[in-house]
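Lettering of chains follows the sequences in order, A, B, ..., and the numbering in each one begins at 1. Fair warning: this is a prediction, and the values are worked out from it, not measured in the lab.
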Protein chains: 2
Amino acid sequence: MKKLENTIPSCDSCPNEKRVFCSLSQLELGELSINKKNFQYKKGEEIFQEGNYPHGIFCIYSGVIKLSKRGNEGKDQIIRFAKSGDILGYRSMLAKQMYSTTATAMDDVLICQIPIHNFESLLKSSNKMCMKTIELLSDDLKRSENQVLSVSQKRVADRLAEALLTLKDKFGFKEDQQTLNMQITRREIGEMAGITTATTIRTLSDFNKDKLIALHNKDIKLINVAELERLATS
Amino acid sequence: MKKLENTIPSCDSCPNEKRVFCSLSQLELGELSINKKNFQYKKGEEIFQEGNYPHGIFCIYSGVIKLSKRGNEGKDQIIRFAKSGDILGYRSMLAKQMYSTTATAMDDVLICQIPIHNFESLLKSSNKMCMKTIELLSDDLKRSENQVLSVSQKRVADRLAEALLTLKDKFGFKEDQQTLNMQITRREIGEMAGITTATTIRTLSDFNKDKLIALHNKDIKLINVAELERLATS
DNA sequence: CGTCATGTTGAGAGCCCTCAAACGTCGTGG
DNA sequence: CCACGACGTTTGAGGGCTCTCAACATGACG
């Protein structure tokens, strides 16, 4: 982790999609930027850890972050990913609770930290921002409840197909419109779906044989998306 | 389901804890009551179904409701319970989406339906109510993410212990301070934890043998809460 | 008192995990 | 430039947890 000076522009000129801040005026965005700190994290570094207390919210300028929870045998469960424009840590901050997940950089990340005070006062003064926050939380809740159902009832292959499609939806394809645009280990794919690494690799290999996907080194090409979707919803 | 006339008092004189409405004035609570409809549901009846569109939010006056999702083999997963004072269906309503869960009465339920308009206009005018809604959603999200971890990593006995403790926390004990104050079938306990009915019964029987619980007919007495907690967090 | 849902228990199977070994890749430092 | 180690990938063997299926008991309720 490295503290940056003036590398990232003020929020009012941030090129990213504004998400929760989309309703704010240029003026309000400027206010948001007061006391904003910028950091750089290298791949693998942790932005915050489950069990620690938040001092502000994070807004991702560039890069990808995974949010995960550690189980009791040291096995991780990936809860979701966040990328540029996404905000992190507001749930814990608003509830004044410890972080319930750990945030880890999946690649090199530039991130802004906004002090609690600035965020909260905007939330209290802007009803639209409140509603937007409710929207974000609702969406996360829906996803999470679906994940409970998946892990509880679906078999490994179906969950793996689901994970691959999640990666597609969140990160898209490379230029060929087939290869997942995301560098991710087999272990992490397993951690998305709640599968052990060995079984993840075995099942990916099955998909490869069945021509649902094609594996080249670490690249994963989705060949038969329709069939993957059939599996994922079955 | 039976429509009731004047059986339930106006919101401003509702004896239940106000939850999301706790910050509202008597006047605002009165406004909330305009166009409020009251219904009675008998045990087993569905208040709303996954896939339908909401017309308003529900606020439980008395009784207990389970929220569940149906898997593809017809197996249900219970997402959470709601009881008097809890509100239902606001997530789907605010997102203008179909219900993502089905709500079923666990016993006889008296419930109020508040039209979308009344709820939304209060949400837009009352920042405190917004913040309270954010709090509720945050709490649900945290629980749900924990459940993902449980179902994904814990073994059946541990998840069952967790479910029993959830029942204790949500519904408490009967007079003896040991017997769960909730009529619930073995199948439903299994559906809380993502376990089949047969395995649920077998594991309950194991707990009984190990003197963690005592079974009398449908009553479940928690004998060794400390050990159940140890299991649940292991 | 019949009927249907729920509870209980047994036998067997299979999915997936655990453990282990071998190999490839990549970055580091000698 | 190569040796080395760390990490990720791959594959096999074996086992156990949990599901499925089935039969029967029990209880609720008209």
Side-chain angles (χ1 to χ4, degrees), chain A residues 42-45 66 71-78 104 106-108 150-163 182-209 213-220 231 234, chain B residues 42-45 66 71-78 104-108 150-163 180 182-209 213-220 231 234:
Chain A
K42 293 209 171 298
K43 181 174 178 168
E45 282 187 308
K66 69 173 173 188
N72 281 321
E73 333 256 291
K75 235 189 316 179
D76 286 345
Q77 171 72 43
I78 293 181
T104 312
M106 297 280 290
D107 46 23
D108 290 358
S150 286
V151 178
S152 147
Q153 298 202 1
K154 290 181 186 166
R155 40 183 55 208
V156 159
D158 300 346
R159 273 182 280 151
L160 181 59
E162 214 173 10
M182 179 66 191
Q183 212 193 356
I184 185 170
T185 66
R186 308 290 146 119
R187 180 164 53 76
E188 285 168 327
I189 295 176
E191 284 168 357
M192 289 175 68
I195 318 176
T196 56
T197 308
T199 302
T200 303
I201 288 167
R202 252 185 274 269
T203 311
L204 280 175
S205 172
D206 290 344
F207 284 180
N208 191 36
K209 282 195 201 86
I213 63 175
L215 301 170
H216 302 102
N217 299 321
K218 306 210 168 177
D219 279 349
I220 298 175
L231 282 178
S234 72
Chain B
K42 295 211 170 299
K43 181 172 180 172
E45 281 187 307
K66 69 173 172 185
N72 281 321
E73 334 254 293
K75 235 190 315 182
D76 287 346
Q77 171 73 44
I78 293 181
T104 311
M106 297 281 289
D107 46 22
D108 290 356
S150 287
V151 178
S152 147
Q153 298 201 0
K154 289 181 187 166
R155 42 182 57 207
V156 159
D158 301 346
R159 274 182 279 149
L160 182 59
E162 213 174 10
L180 287 180
M182 179 65 189
Q183 211 193 357
I184 185 171
T185 66
R186 308 289 146 120
R187 179 164 54 78
E188 284 169 327
I189 295 175
E191 285 169 356
M192 291 175 67
I195 318 175
T196 56
T197 308
T199 302
T200 303
I201 289 169
R202 251 185 276 269
T203 311
L204 280 175
S205 170
D206 291 343
F207 283 0
N208 191 37
K209 281 196 201 86
I213 63 174
L215 301 171
H216 302 101
N217 299 321
K218 306 212 165 174
D219 279 349
I220 299 176
L231 283 179
S234 73

From Lys66(B) NZ over to Met192(B) CE, what is the distance, rounded to the nearest 0.5 angstrom? 11.0 Å
Is any side-chain heavy atom of Gln153(B) closer than 4.5 Å to one of Asn72(A)? no
According to side-chain contact (heavy atoms from CB on, under 4.5 Å), who are the partners of Thr203(B), at least two apart in sequence or on a separate chain? Val156(B), Ala157(B), Leu160(B), Thr199(B), Phe207(B)
Rounded to the nearest Å, what distance is computed from the CE atom of residue Met106(B) to the P atom of nucleotide dT6(C)? 11 Å
Sort me out a list of protein N/O and nucleotides 12-14 of chain C N/O pairs below 3.5 Å, or just none if empty.
none

Output a table of nitrogen or oxygen pairs between the protein and nucleotides 9-11 of chain D separated by less than 3.5 Å.
residue	atom	partner	partner atom	Å
dT9(D)	OP1	Arg186(A)	N	3.4
dT9(D)	OP2	Arg186(A)	N	2.9
dT10(D)	OP2	Arg186(A)	NH1	2.9

Search all heavy atoms of Ile220(A) against all heavy atoms of Ile189(A) and return the closest pair with its distance. CD1-CD1, 3.7 Å
So, using side-chain contact (heavy atoms from CB on, under 4.5 Å) as the criterion, who are the partners of Glu45(A) when residues are at least two apart? Met1(A), Tyr41(A), Lys42(A)
Neighbours of DNA chain C within residues 150-161 of chain B, by heavy-atom distance under 4.0 Å: none
Separation of dG8(D) C1' from Asp76(A) CG (nearest whole Å): 16 Å
Salt bridge (charged side-chain N to carboxylate O under 4.0 Å, His left out) with Asp219(B): which residues, sequence neighbours excluded? Lys174(B)
Atom pair distance, as rounded to whole Å: CD in Glu191(A) and C1' in dC17(C): 15 Å
Just jot down the salt bridge (charged side-chain N to carboxylate O under 4.0 Å, His left out) partners of Asp158(A), sequence neighbours excluded, or say none. none
Of all residues at least two apart in sequence or in a different chain, which pass the side-chain contact (heavy atoms from CB on, under 4.5 Å) check with Asp206(A)? Lys209(A)
With Lys43(B), which residues qualify under side-chain contact (heavy atoms from CB on, under 4.5 Å), at least two apart? Asp108(B), Gln183(B)
For Lys75(B), all residues meeting salt bridge (charged side-chain N to carboxylate O under 4.0 Å, His left out), sequence neighbours excluded: none
Among residues at least two apart in sequence or on other chains, which ones pass salt bridge (charged side-chain N to carboxylate O under 4.0 Å, His left out) with Arg187(A)? Glu191(A)
Between Thr196(A) and dC17(C), is there a side-chain N or O to OP1/OP2 distance below 4.0 Å? yes
Nearest atoms (heavy-atom pairs only) where Arg159(A) meets Ser150(A): CD-O, 3.7 Å
Let me know the distance between NZ of Lys75(B) and P of dT18(D), rounded to the nearest Å. 13 Å
Are Thr200(B) and Leu204(B) packed together at the side-chain level, in the sense that at least one heavy-atom pair is separated by less than 4.5 angstrom? yes
The helix from dC1(C)-dG30(D) to dG30(C)-dC1(D): angle between its terminal axes, five pairs each, to 10°? 40°
